[in-house]
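As the structure lists them, so they are numbered: ligands from 1, and atoms in each ligand from 1. Given the structure is predicted, the values throughout are model-derived calculations rather than measurements. This chain uses plain numbering: 1 for the first residue, then up along the sequence.
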Amino acid sequence: MKANYINGRFVAGSAGRPNINPSNTDDVIGLYAQADEAETRDAIAAATEAFPAWACGSLQARADMLDRIGSEILARKDELGLLLSREEGKTLPEGIGEAARAGQIFKFFAGEVLRLRGDHLGSVRPGIEVDVTREPAGVVGIITPWNFPIAIPAWKIAPALAYGNTVVFKPAELVPGSAWALAEIISRAGLPAGVFNLVMGPGRAVGQTLIDDQRVRAITFTGSGVTGRRVLLGSMERLAKVQLEMGGKNPLVVLDDADLEVAVTAAVQGAFYSTGQRCTASSRFIVQKGIYPRFVDAVATRLAALRVGDALRPDTDIGPVVDAGQLAQDLDYIAKGRAEGARLLCGGDELRRDTPGFYLSPAFFVDAHNDMAIAREEIFGPVACAIPVASYEEALAMANDTEFGLSAGICTTSLKHATHFKRHVQAGMVMVNVATAGVDYHVPFGGRKGSSLGSREQGSYAAEFFTTVKTAYTAA
Ligand code: UN1
């Protein structure tokens with residue numbers, strides 16, 4: 001059984017949970033320990049005790065440790081990517097790409113350790129000087145989702161450590177393999193005991209303890225809106241810092257003047273790659289009437305050529321859905337879309353393959369309306385709909401007519417419309433002639449409205465969440 005990592009030691013715990021391969025449910029990847037409330041509190045206590053020395057420790061040593069972690073992840077990206085694809089179901093190139101991204105994130109934040117800066121100002125009062133500095137937030141609780149089993153943990157853990165915080169990390173129950181492998185790498189990087197802790201287990205025990213414990217000064221969460229609201233209410237009550245990344249219903253606008261090939265590629269990659277299981281996935285194609293028939297045909301043709309299958313097979317384009325519950329939710333939305341009167345042009349069928357798994361052909365609805373459930377609610381699967389519109393102005397208004405605001409895309413050759421869209425779409429990230437999903441690791445990530453709360457993740461902007469500002473006045 002793979003153990004939790006608490007206060008510098010692997011501790012087995014009482015119960016173990018099997019990690020199942022969604023491409024082949026007969027394949028059990030391993031048994032992973034399940035922490036309870038008491039073990040979670042042990043991890044918080046260890047992180048609390050380790051904090052003062054770590055916060056004031058050598059920056060060079062910290063940078064070297066993060067760099068070492070990044071190097072090992074990069075050196076082992078094929079093996080880590082294989083494990084990731086086996087437990088989550090994204091294709092092997094996607095899994096390896098994600099592992100590489102995690103390594104690059106650690107390298108990036110190794111550099112950031114030495115780049116944190118402050119300000120020195122004069123005072124309005126003579127003889128006084130003002131310094132503005134950033135200090136670590138404290139013990140940070142990190143709660144991550146199943147769809148990016150190593151990249152999202154990396155983009156929360158690396159900045160947390162880089163800026164001098166100590167960490168209690170709770171990965172999603174469905175993907176403990178990548179989390180454990182990452183923890184094992186971190187355990188050999190030279191960090192003092194208690195600086196980093198891994199507690200695998202259910203949200204109601206581990207997550208809730210992190211939310212409720214006064215010693216956890218900041219909680220960063222990526223996951224569903226329902227859980228995000230629970231994290232928010234709990235941390236708000238005890239005035240802990242909180243950062244939430246939740247759902248999306250990301251629009252991809254396609255104007256009449258778009259390059260058709262560019263638009264189809266952005267649509268298919270953005271909506272269906274990684275089995276559509278990304279909060280940045282495009283699920284609403286908002287398409288101007290002149291290009292609509294050609295766009296819809298070309299997307300359907302491209303989808304027909306995609307192979308859905310075992311994530312580990314080299315000829316697979318789209319892996320399985322992550323588990324039975326998610327598959328049931330996807331099928332439920334497909335039924336809802338039909339009942340509401342959208343036309344299912346292709347896909348949406350459960351598929352049989354050589355091994356038992358959660359296979360679903362990419363579902364493409366056309367002639368949908370923006371008020372249908374499939375256009376309003378996050379499905380988190382390989383399901384997208386096309387909605388015809390008359391003009392750019394109508395497209396923009398529809399793109400913004402959603403409770404979410406994570407990522408938004410436009411395909412156009414008009415500089416005027418691209419520029420206007422970048423300025424006026426209500427989203428944290430805007431993509432012009434490129435898919436709404438698939439982001440860089442060195443620039444801010446996050447959204448607005450119902451998608452995100454708190455300051456941005458990634459890049460140097462991550463410092464905002466993982467540090468707290470101190471203003472010092474000195475009379476000379
Ligand atoms: C990406 O699109 O490259 O959970 C990243 C998610 C996002 C990450 C998306 N937080 O899907």
Side-chain angles (χ1 to χ4, degrees), residues 81 84-85 88-91 93-105 108 142-159 170-175 178-179 219-228 231 243-252 265-283 318-319 321-322 326 330 378-384 404-409 427-431 434-459 461-462 465:
L84 194 165
S85 292
E88 197 272 349
K90 62 181 70 174
T91 65
E94 289 173 332
I96 294 170
E98 188 187 326
R101 180 166 162 183
Q104 284 150 350
I105 289 166
F108 176 85
I142 293 180
I143 304 177
T144 59
W146 51 260
N147 66 330
F148 282 85
I150 197 163
I152 293 181
W155 83 50
K156 294 180 189 293
I157 295 167
K170 180 223 171 303
E173 283 183 279
L174 282 177
V175 290
S178 301
I219 296 191
T220 175
F221 166 86
T222 300
S224 73
V226 173
T227 310
V231 174
Q243 177 181 57
L244 305 177
E245 288 298 342
M246 300 167 290
K249 197 69 202 174
N250 309 298
L252 178 71
T265 300
V268 171
Q269 286 186 357
F272 300 110
Y273 280 34
S274 298
T275 323
Q277 298 177 146
R278 294 187 281 194
C279 58
T280 44
S282 332
S283 47
I318 309 277
V321 171
V322 73
Q326 186 62 50
D330 296 349
E378 184 175 56
I379 301 172
F380 222 64
V383 186
F404 297 106
L406 186 58
S407 153
M429 295 172 291
V430 193
M431 320 299 196
V434 62
T436 59
V439 300
D440 286 3
Y441 63 84
H442 66 303
V443 287
F445 177 93
R448 56 177 80 167
K449 294 162 76 178
S451 289
S452 308
L453 192 91
S455 53
R456 288 288 183 265
E457 305 193 81
Q458 305 213 66
Y461 284 63
F465 178 74

Spell out, as yes or no, whether a donor-acceptor pair under 3.5 Å connects the side chain of [X] to the backbone of [Y].
X    : Y    : answer
Q326 : V321 : no
E94  : S274 : yes
R278 : F272 : no

> With a 4.0 Å cut-off on heavy atoms, is Q458 touching ligand 1?
Replying inline: no
> Could a heavy atom of G438 be found less than 4.0 Å from some atom of ligand 1?
Replying inline: yes
> Where does the angle between the aromatic ring planes of F445 and W155 fall among parallel (under 30°), tilted (30 to 60°) and perpendicular (over 60°)?
Replying inline: tilted
> In the protein, which heavy atom is nearest to atom 9 (C) of ligand 1, and how far is it?
Replying inline: T280 OG1, 3.4 Å
> How close does the nearest protein non-hydrogen atom get to atom 5 (C) of ligand 1, and which residue and atom is it?
Replying inline: R101 NH2, 3.3 Å
> Do P159 and E457 come within less than 4.5 Å of each other through their side chains, counting heavy atoms only?
Replying inline: no
> Should F380 and W146 be marked as a ring-ring contact (aromatic ring centres under 6.0 Å, His included) after you check the CA-CA gap, both sets of side-chain angles, and the distance that decides it?
Replying inline: CA-CA 12 Å; F380 222 64; W146 51 260; 5.4 Å; yes
>> Taking 4.0 Å as the limit for heavy-atom contacts, which would you say applies to W155 with ligand 1: side chain only, backbone only, both, or neither?
In response: side chain
> Under 3.5 Å between some N or O of ligand 1 and some N or O of I152?
Replying inline: no
>> Please find the pair of heavy atoms, one from M431 and one from S407, that lie closest to each other, and give the distance.
In response: CE-OG, 4.1 Å
Go through ligand 1 atom by atom and flag the ones less than 4.0 Å from a non-hydrogen atom of [X].
X    : result
A437 : 2 (O)
R278 : 11 (O)
N147 : 4 (O), 6 (C), 11 (O)

> Given G223, A281, C279, which has its nearest heavy atom closest to atom 7 (C) of ligand 1?
Replying inline: C279
